S.K.: 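The structure under discussion is supplied below as structure tokens; questions concerning it will follow.
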Amino acid sequence: MRILIVEDDRLLGEGILAGLGQAGFLPDWVQDGAVGLAALQSEPFSAVVLDLGLPRLSGLDVLRQLRATQNAIPVLILTARDTSQDVIAGLDAGADDYMVKPFDLGELAARLRALVRRAAGSTAPLLEHGALQLDPAARSVRWQGTAVELAPREFALLHELLLNAGRVLTRAQLESKLYPWGEEVESNALEVHIHHLRKKLAPELIRTVRGVGYMVPRD
Ligand code: CA
């Protein structure tokens, strides 16, 4: 799933980008608040890691503008040490969680998984659907009790479909959720991933809605 990082510290931004990538997220990184807000208003990120002290538009202003436009994206704010006033202001402005710098990247990844899970209305860490079980933390999938190896993009695609079970996702929606900026999307890439998922799991798991997109029916 795509995560936007808004952080003006180059070293920290690069570190979070690499760490979240290794944890299986599809992260993008911007370095000022105005660009961050524009990106959040135009692309389907699953959550945002938001620094508070940012050029052009502060993290708090980004957050307030998001919430003022009913944008409910999960927001995790990053604050410097000893600034509990910032934490209070951030949470009161609509942030869902926070971390104090310096922080552990593994913990950041776990908190993001929890935020995304809650935003999808699920309390269980495992996503279950009939004979299918998907573990976002371990990035593993079991079908009828047997572990199934999925390529990273297949896993991300299946995860999005399960989080939206019962809803049709258009091709454009799926592509925009699967590909960070600057990655070329082959025209038939999505079909190929869907084909592999059906073959590795079950043909009937993913339904094609002709002319619209794809869906996993509700369990
Ligand atoms: Ca900063």
Side-chain angles (χ1 to χ4, degrees), residues 1-120 125 136-137 139 152 156 159-160 163 173 175-184:
M1 63 191 62
R2 291 184 65 192
I3 306 287
L4 185 69
I5 304 157
V6 191
E7 169 59 70
D8 61 325
D9 183 300
R10 181 169 279 278
L11 217 59
L12 189 56
E14 283 172 358
I16 300 172
L17 187 71
L20 292 186
Q22 275 165 17
F25 293 99
L26 302 166
D28 282 304
W29 170 36
V30 297
Q31 299 181 54
D32 81 64
V35 175
L37 182 63
L40 290 165
Q41 286 170 336
S42 60
E43 298 202 44
F45 290 98
S46 295
V48 54
V49 177
L50 182 65
D51 183 28
L52 289 182
L54 288 168
R56 292 181 72 201
L57 197 60
S58 79
L60 221 46
D61 286 335
V62 171
L63 180 56
R64 290 196 181 110
Q65 293 200 30
L66 281 175
R67 297 312 189 219
T69 54
Q70 317 303 323
N71 187 324
I73 185 172
V75 175
L76 185 151
I77 52 175
L78 299 178
T79 73
R81 207 175 263 296
D82 297 330
T83 48
S84 61
Q85 284 308 316
D86 279 356
V87 172
I88 294 167
L91 292 173
D92 282 343
D96 301 280
D97 200 358
Y98 71 94
M99 291 195 81
V100 177
K101 301 173 188 176
F103 52 84
D104 180 77
L105 278 170
E107 186 179 341
L108 174 65
R111 283 175 185 259
L112 287 173
R113 281 192 293 270
L115 288 179
V116 171
R117 184 165 74 222
R118 254 180 274 146
R139 296 174 69 197
H159 195 182
E160 289 295 345
L163 284 173
Q173 280 173 330
E175 281 178 353
S176 64
K177 281 169 182 285
L178 291 183
Y179 294 92
W181 299 329
E183 275 193 35
E184 285 291 320

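Only a predicted model underlies this, so the values are computations on that prediction, with no experimental measurement involved. Start at 1 and go down the list; that is how both ligands and their atoms are numbered.
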S.K.: If you consider just the N/O/S atoms, which atom of D51 is the closest one to the Ca ion (ligand 1)?
M.R.: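 Relative to the Ca ion (ligand 1), the closest nitrogen, oxygen or sulfur of D51 carries the name OD2.
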S.K.: Is any NZ, NE, NH1 or NH2 atom of the basic residue among D96 and R117 found under 4.0 Å from an Asp or Glu carboxylate oxygen of the other?
M.R.: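 Looking at R117 together with D96, the answer is no, because their closest N to O distance does not fall below 4.0 Å.
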S.K.: Would L52 count as a contact for the Ca ion (ligand 1), in the sense that one of its N, O or S atoms lies under 3.0 Å from it?
M.R.: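 Checking the Ca ion (ligand 1) against L52, no N, O or S atom falls under 3.0 Å.
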S.K.: Can you see which heavy atom on G53 is nearest to which on D8, and at what distance?
M.R.: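 Looking at all heavy atoms of both residues, the shortest contact is O-OD1, 3.2 Å.
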S.K.: Inspect the contact between E7 and K101 and indicate whether a charged nitrogen and a carboxylate oxygen are less than 4.0 angstrom apart.
M.R.: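 Salt bridge: yes.
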S.K.: Can you name the closest pair of heavy atoms from F45 and L4 and give their distance?
M.R.: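 Answer, listing the atom of F45 first, then L4: CD2-N, 3.5 Å.
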S.K.: Do you know which N/O/S atom name in D8 is closest to the Ca ion (ligand 1)?
M.R.: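 Result for D8 and the Ca ion (ligand 1): OD1.
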